[in-house]
Amino acid sequence: MSRFFNPRLTSLEAYTPGEQPRDRTYIKLNTNESPYPPSRGVRRAMDRQALDDLRLYCDPNATVLKEKLAKLYDKEPSQIFVANGSDDILNFAFLAFGAEGVLFPDISYGFYEVFANLHSLPYEKIPLQQDFSIDVKPYCGQKRMVVIANPNAPTGIALPLRKIQQILEANPDNVVLIDEAYVDFGGESCAKLTEKYPNLLCVQTFSKSRSMAGARLGFAIGSPELIADLETIKYSTNPYNVNALTQKAGAAAVEDNGYYMRNCRKIIKSRLYTKKELEKLGFTVLPSKANFLFAKSDKIGGMELYLRLKEKGILVRHFEKNRICDYNRITIGSQKEMEAFIAAVEEILGA
Ligand code: PMP
């Protein structure tokens, strides 16, 4: 008898999340989390009342959180959608808008292909250029949904806003989803373009720049029509998809935006330090606007470096995939962690 009760699932390849090991304490530079804790306001919000309120269902409309996000981004609450991590939003968006087909880069966030397959959507992967940048031409004049991570992952390379506008101008009738998971680390957000382009969906997350990966909170900004479609899917699957504690923590985090943006600046500084040090050691490092670097050395293979670092208690992310298997993706941690990382790489290379 088959191990699977649904034969269709045997052929589906699920997403493999980055390691979250419990065997020892690592310097964790593998899943792009923030090295900094949630703000004081978030700590204060997790009070006795918040625990007592767990007795009740949470607000399915996440009213307070949406109002705060709307104010921060100069929008109306009807232009904001919130969900259980931005993965949840991507899933809903593929389901809602991908029936005619989906286009995304061949090297990008691995979940795009998983969602396309899960929902049996036709899709095409557009190759990145030789230097790993995105050529926008193949995305123009298409009658399909476009999904682009900006900055892209795992490369960290950002696309200027005028290039995204070029895609939007050339695709007025289908949804263009810009996944801005890493935008706060030096990218340019397309949030301000959503009034001009009702087909633009700008997706962000509290997991990276806002130190809340474990709370699972993502949000999207778009025209009220796009947001209403996402709400229909949400109310048809799980109306309470953002739990009460996360709604409270998220609202408090928005209030402390200054703290998080200061952390982003610290991370950008440590990114510059790490890039410079890796280049001194002979690494090729792609130009990143994210909280990670994508780097390779011709002195050591990508897999070997990953394994040797792991032995030393440092986790980075390696993808055993065509075109990128020589590289590792290194999350930018605290300055101290990055100094320990560079020291470990020097030791491994015998520098
Ligand atoms: N988009 C990109 C490009 C990512 O790298 C990630 C993180 N794995 C996500 C979305 C999802 O993040 P989350 O579900 O934690 O919001």
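All figures in this text were calculated on a predicted structure; none of them were measured in a lab. Start at 1 and go down the list; that is how both ligands and their atoms are numbered. We use all heavy atoms of the structure for the numbers below, so side chains are in, but hydrogens, waters and symmetry mates are not.
- For Phe185, there are no ring pair (Phe, Tyr, Trp, His ring centres under 6.0 Å) partners two or more places apart in sequence or in a different chain.
- The distance between the ring centers of Tyr15 and Tyr109 falls below 6.0 angstrom.
- Between Phe292 and Tyr182, the ring centre distance stays below 6.0 Å.
- Listed by chain and number, residues touching ligand 1 at under 4.0 Å (heavy atoms only) are Gly85, Ser86, Asp87, Tyr109, Asp179, Ala181, Tyr182, Thr205, Ser207, Lys208, Arg216.
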- Under the side-chain contact (heavy atoms from CB on, under 4.5 Å) criterion, do Val203 and Ile178 qualify, and how do the steps go? CA-CA 6 Å; Val203 179; Ile178 305 297; over 6 Å; no
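- Using cut-offs of 30° and 60° on the angle between ring planes, the pair Phe132 and Phe294 is perpendicular.
- For Phe219 and Phe81, the ring centers sit 6.0 Å or farther from each other.
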